[in-house]
2 protein chains.
Amino acid sequence: METLVKKSRKQQIEEKATQLFQERGYSATSMRDLAQVLGIEAASLYSHIKSKEEILQKICFRMAGEFFNSWADVEKENGSMTAKMSKAMIAHVKVITQNTASSAVFFNEWRHLSEPFLTEFLSMREDYEGRFMQIIDDGVNSGEFKLVDQKFMMLTILSSLNWTHNWYNPSGTLSSEEIGDRLANLLLNGLKNQ
Amino acid sequence: METLVKKSRKQQIEEKATQLFQERGYSATSMRDLAQVLGIEAASLYSHIKSKEEILQKICFRMAGEFFNSWADVEKENGSMTAKMSKAMIAHVKVITQNTASSAVFFNEWRHLSEPFLTEFLSMREDYEGRFMQIIDDGVNSGEFKLVDQKFMMLTILSSLNWTHNWYNPSGTLSSEEIGDRLANLLLNGLKNQ
DNA sequence: GATATACAAACTAACGTTCGTTAGCAAACC
DNA sequence: GGTTTGCTAACGAACGTTAGTTTGTATATC
């Protein structure tokens, strides 16, 4: 009850910062901008946070966690690689569409992380991408998928999925699941008839 | 001959700026950074350019021009919508892969344009996207394509194509045309066998 | 002699952050 | 019950630095 009504100041800061980082980018958002939308002075922010970059770190690694958590469901899939890939895509899109602002920051602003966070971030990304490549590889070996370059395929699939945060409308007609489903359908079966 | 050997200072500035904007982002790149990689003082840049944003404008609108020019070839296609879409994708990817740095700036930094450039940019983008949607619409009506939401389809296709600048390696084994061809193939026919 | 290109110096504005302080409030003490 | 103590969250002022840009001037080239 309390958590719904009364958000901690720190939480408010992170939410507004996410919005601003999405709209203007991390570098183009000043601490004074952020303070202004919260109705306080820039100095007051530092009663709650350590630094500007700390906010970015929180956003990026929280989202990374969301993506990894969503994978648990995918691993449960014991059917075809088609089914597994479909499940992976839907889970991935679900995370994005349920956090469009954070996703935008996650995808566009991670490069402003300083070391050692940057290295850790990239290593997590590599791990995650590898999981998609594994499904493709398995699907190719089982004959379900066409003979394709796994990396090329993974990059193409993820780029489609990762763009959804730019146009997804939570109050639109398409639900999160429907979008994931349509994307999986398109990428697996193509635009052409037959 | 001359153009290959001796580039004007202005041209050098734009090239180095493109690199830096790609690597660090527009806002995170300072005029002193730019001057340094050119081996001159920041003040000296202003003997050649009007402002920092002017560089960004040049990059963004030059790329926009490239995309529109590449469309001339597409319009010549008189065959199926499949053939036309394929041609459009290949042409689009060709522009990107032949200008990876400029493309990165074009796709990631356009939001830092000030008015009226921002509005003009967005209007050009809308026009360009509309051309892809038209092909999809025609293909659906002719029965070549599945019954799909044109906008959803256009967004998915373009997001795949527009990501190529992030991983394309000019000295790699895949040529620009091959990449366009593979992308077109995947998006039209899907990953699955049969 | 004009033009192009570079410079040093300086400008105003803004940056992220730190500082010392304070107002409000709740618990602890006499 | 009144006073003291400590905490939280805010403040204004200022820190040192960097931002984009302007000005005036010197050198080199045509």
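The analysis underlying the following values was restricted to heavy atoms, covering all of them including side chains, and did not include hydrogens, waters or symmetry mates. Here is the naming used below: chain letters follow the sequence lines, and residue numbers restart at 1 for every chain. Quick caveat, the model's predicted, so the values are computed rather than measured.
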Query raised in the report: Any idea how B:Phe107 and B:His165 line up, ring-wise: parallel (<30°), tilted (30 to 60°), or perpendicular (>60°)?
Result: parallel

Query - Electrostatic pair A:Asp33:A:Arg24 at N-O distance under 4.0 angstrom - result: yes

Report task. Would you kindly give the CD1-to-P distance between A:Ile40 and C:dT22, to the nearest whole Å? Result -> 20 Å

Report task. Quick one: label B:Ser27 by what it contacts on the DNA or RNA (base, sugar-phosphate, nothing), any heavy atom closer than 4.0 Å. Result -> nothing

Report task. Please tell me which of the listed nucleotides, D:dC11, D:dT21, C:dC15, lies nearest to the side chain of B:Met31? Result -> D:dT21

Requested in this report: Report the nucleotide, chosen from C:dG16, C:dC7, D:dC11, that has the shortest atom-to-atom distance to any side-chain atom of A:Glu41.
Outcome: D:dC11

Requested in this report: Looking only at non-hydrogen atoms, find the nearest pair between B:Leu34 and B:Ala17 and report the distance.
Outcome: CD1-N, 3.5 Å

Query raised in the report: Of all the nucleotides listed (D:dT22, C:dA6, D:dA10), which has the minimum atom distance to the side chain of B:Ala43?
Result: D:dT22

Report task. Please report, rounded to the nearest Å, how far the P atom of D:dG20 is from the NE2 atom of B:His112. Result -> 12 Å

Report task. Find the distance A:Leu45:CG to C:dC15:C1' and express it as a whole number of Å. Result -> 14 Å

Report task. Verify the neighbour count for atom CD of A:Glu115: are there more than 12 heavy atoms of other residues, nucleotides or ligands below 6.0 Å? Result -> yes

Report task. To the nearest Å, give me how far apart CD (B:Glu53) and P (D:dA19) are. Result -> 18 Å

Query raised in the report: Is the shortest side-chain N/O distance from A:His48 to OP1 or OP2 of D:dT8 below 4.0 Å?
Result: no

Requested in this report: Please confirm whether any donor atom in the side chain of B:Ser47 sits under 3.5 Å from an acceptor in the base of C:dA6, or the reverse.
Outcome: yes

Requested in this report: May I have the distance from A:Ile13 (atom CD1) to C:dG16 (atom C1'), rounded to whole angstrom?
Outcome: 14 Å

Requested in this report: Take the angle between the ring planes of A:Phe67 and A:Phe106 and call it parallel below 30°, perpendicular above 60°, tilted in between.
Outcome: tilted

Query raised in the report: When the distance from CD1 of B:Ile49 to P of C:dT5 is rounded to whole Å, what number comes out?
Result: 14 Å

Report task. Find which nucleotide of DNA chain D each of A:Arg32 and A:Ser44 is nearest to by heavy atoms, and output the residue with the more 5' nucleotide. Result -> A:Ser44

**Report entry** Between C1' of D:dT18 and NZ of B:Lys52, the distance in whole Å
**Finding:** 12 Å

Requested in this report: Starting from P on C:dA6, measure out to NZ on B:Lys10 and report it in whole angstrom.
Outcome: 14 Å

Query raised in the report: Nearest of D:dC11, D:dT22, C:dT18 to any side-chain atom of A:Tyr46?
Result: C:dT18

